[in-house]
*Asks:* 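This structure is in structure tokens; I'll ask about it shortly.
Numbered from 1 within each chain, the chains take letters A, B, ... in sequence-line order. Values reported hereafter were calculated over all heavy atoms of this structure, with side chains retained and with hydrogens, waters and symmetry mates removed.
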2 protein chains.
Amino acid sequence: MEKCVNLSVASHRAQESNRRLAARTAHLLPETEGHGTQGRVLKVALTMFAERGYAATSVRDIAAAVGVKGATIYAHYASKEHILAELCRIGHDAHYRGLRTAVLGTSGRPVDQLIAYVQAHVGFHTTYPMLAVVANSELHALSKELGASTFLLRRQSVELLREIVERGVHDHTFHVPDVWLAVAAIGGMGLRVAYWFSADHALSAAQVADGYTEFALRLVGTPPRRGTAQAADPEADSVAQRRPRRQQKHEFPDR
Amino acid sequence: MEKCVNLSVASHRAQESNRRLAARTAHLLPETEGHGTQGRVLKVALTMFAERGYAATSVRDIAAAVGVKGATIYAHYASKEHILAELCRIGHDAHYRGLRTAVLGTSGRPVDQLIAYVQAHVGFHTTYPMLAVVANSELHALSKELGASTFLLRRQSVELLREIVERGVHDHTFHVPDVWLAVAAIGGMGLRVAYWFSADHALSAAQVADGYTEFALRLVGTPPRRGTAQAADPEADSVAQRRPRRQQKHEFPDR
DNA sequence: TACCCGTACGAACGACCGTTAGGCAATGGA
DNA sequence: TCCATTGCCTAACGGTCGTTCGTACGGGTA
């Protein structure tokens, strides 16, 4: 046993079975993807925070991967925590805006809104897995001050789903034992997608989104329109039986 | 801005909105709960790993909370990673054994097995939230050698659910667009319970387990026997309409 | 009595931590 | 040509990290 095996070294040998998430490439938002050193720092930090965790990633680690010395980081960000804060804000902001845009672009019926919400929710987690992992599982490392705007966005995302479910229950299209429980279940199962999904997964992002949309509709107790989904055949898009086709691509680029 | 604000200090000021999990008391298994220093180390480490994360918790932090000096920890554990390894192993072992016992105590019909599985799955996450959080979100910090047995247990837990769903699809009681997707959704939504559930939650552990069981049954497309769940009334136990009553307490102590 | 073993300690090792200070070269507008 | 700005550097500060070493105390055993 060596004298001093430190965190970053230990994390480096993480290989396959114990990977934190399946995705291998950091995907930042197109409009946020800067081309200078500052943007590269953000992208590298995203990858490392997602794979090793915030606390296990040092400023020098990020700098080395960017191709710069540690001190240079501080010419672009006030502190390591500010980098995390920006990533969390970007992630939750994109997430919430995606949900909001999708939901607002529907008829207004709770069923349609739920479909749009889950499509956008799952779509975000398949398109930006690393952003989702960092924004969700490193949030606790953020101080109250630096995380304030992020916490607000997260509350709004949950609240948006809660209102949809509540309205669906109210007009008797949804039937759930408890509104909050359904919100937690739908939100939670979508969140977990970020950990196991990757571009080379057997299922495409659209298939995952469609499958989870079907699951969410069943979860809230909506009666199936025609038949129910068939097993084993990935082409059998059961959601298409309820709506003409998956609605707009909810602003996330296709893969 | 101070000269050197370090991780442990920064994590200490995490207060409310950004807490990693809602639970406040570490709950180790009764049979694992040692009374000596070794047991106290395990319990304290569980709390700190759950709240701050493995990498953000130092050996001296644990020692101080136990009331002992850092060097003493090494009289009981070979390394910090060995503590994490033991916690992960305990957690996944209890989880898998709970699932297995619950499923084996049923009639053998996929519906009954799924009910038993979800009850045990959710029950574990409400009873041992900290153990679940550590065992799941700190797993990536474990080396392949120290985590081998844990990785195996996790694969077995997922495989158990996969077989249940597969058999249900095969005998036409379940109808899902994709078996693996249903497994991921059911497993994932249960896993998230550990993060938001606590003893003083508005919903009891039993209500959460029953609600999620209902969700899982709907998710796999089982036709409702009589009516569906009613909204807003926590006493309306929809699962009870399918089965006489929640089956045995699947070996987790009641709260 | 002599011995051992489990438990706990202070001190230290060497590496790494986040962060700052100060300097140097290139750039571009006045 | 001068000057301010930008971007990056080296070096260092004050700590903390995981871990080891040598020691000491206390109780059970031979």
Side-chain angles (χ1 to χ4, degrees), chain A residues 1-14 34-45 48-49 52-87 138 141-143 145-146, chain B residues 1-14 34-45 48-49 52-87 138 141-143 145-146:
Chain A
M1 197 168 297
E2 307 92 319
K3 184 91 198 227
C4 188
V5 181
N6 253 12
L7 302 173
S8 50
V9 182
S11 303
H12 259 303
R13 62 182 142 97
H35 290 296
T37 302
Q38 178 154 353
R40 297 225 309 283
V41 168
L42 211 58
K43 195 164 179 171
V44 164
M48 291 189 160
F49 289 170
R52 312 180 195 177
Y54 172 73
T57 304
S58 77
V59 173
R60 286 172 179 87
D61 285 339
I62 301 171
V66 171
V68 102
K69 299 299 176 182
T72 303
I73 301 287
Y74 290 87
H76 300 282
Y77 294 95
S79 74
K80 182 185 159 188
E81 195 186 346
H82 278 82
I83 303 177
L84 176 63
E86 174 129 7
L87 286 172
E138 300 295 348
L142 228 45
S143 69
E145 305 84 44
L146 282 186
Chain B
M1 196 167 299
E2 307 93 319
K3 185 92 199 231
C4 189
V5 182
N6 253 12
L7 301 173
S8 49
V9 182
S11 304
H12 261 301
R13 61 182 143 96
H35 289 295
T37 301
Q38 179 153 351
R40 298 225 310 281
V41 168
L42 209 59
K43 194 163 181 174
V44 164
M48 291 190 159
F49 289 170
R52 314 180 194 177
Y54 172 73
T57 304
S58 76
V59 173
R60 287 173 179 86
D61 285 338
I62 301 171
V66 171
V68 103
K69 300 297 176 184
T72 303
I73 301 287
Y74 291 87
H76 301 281
Y77 293 96
S79 74
K80 182 185 160 187
E81 194 186 346
H82 278 81
I83 303 178
L84 176 63
E86 174 131 6
L87 286 172
E138 300 296 348
L142 229 44
S143 69
E145 304 83 43
L146 282 187

*Asks:* In whole angstrom, what separates His35(B)'s NE2 from dT7(C)'s P?
*Replies:* 16 Å
*Asks:* Do Leu142(B) and Tyr54(B) have side-chain heavy atoms sitting under 4.5 Å apart?
*Replies:* no
*Asks:* Which nucleotide in the list dG18(D), dA8(C), dC8(D) gets nearest to the side chain of Thr37(B)?
*Replies:* dA8(C)
*Asks:* With sequence neighbours excluded, tell me which residues meet side-chain contact (heavy atoms from CB on, under 4.5 Å) with Ala63(B).
*Replies:* Val68(B), Ile73(B)
*Asks:* What is the distance, rounded to the nearest whole Å, between atom CZ of Arg60(B) and atom P of dA11(C)?
*Replies:* 13 Å
*Asks:* Starting from C1' on dT16(D), measure out to CD1 on Ile62(B) and report it in whole angstrom.
*Replies:* 15 Å
*Asks:* Just N and O in the side chain of Ser58(B): are any of them under 4.0 Å from OP1 or OP2 of dT16(D)?
*Replies:* no
*Asks:* So, Lys80(A) side chain and Thr57(A) main chain: donor-acceptor pair closer than 3.5 Å or not?
*Replies:* yes
*Asks:* dG15(D) P sits how many Å from Lys80(A) NZ, rounded?
*Replies:* 19 Å
*Asks:* Kindly write out the residues that satisfy side-chain contact (heavy atoms from CB on, under 4.5 Å) with Ala45(A), not counting sequence neighbours, or none if the list is empty.
*Replies:* Phe49(A), Ile62(A), Ile83(A), Leu87(A)
*Asks:* Output side-chain donor-acceptor pairs under 3.5 Å for residues 36-43 of chain B, partner residues at least two apart or in another chain, one line each.
*Replies:*
unit_1	atom_1	unit_2	atom_2	d
Arg40(B)	NH2	Val66(B)	O	2.9
Lys43(B)	NZ	Glu33(B)	OE2	2.5

*Asks:* What residues in residues 68-77 of chain B put a non-hydrogen atom under 4.0 Å from any atom of DNA chain D?
*Replies:* Ala71(B), Tyr74(B)
*Asks:* Once side-chain contact (heavy atoms from CB on, under 4.5 Å) is applied, do any residues pair with Ala65(B), and if so which ones, sequence neighbours excluded?
*Replies:* Val44(B), Met48(B)
*Asks:* Output the rounded distance in Å from CD (Glu81(A)) to P (dC17(C)).
*Replies:* 18 Å
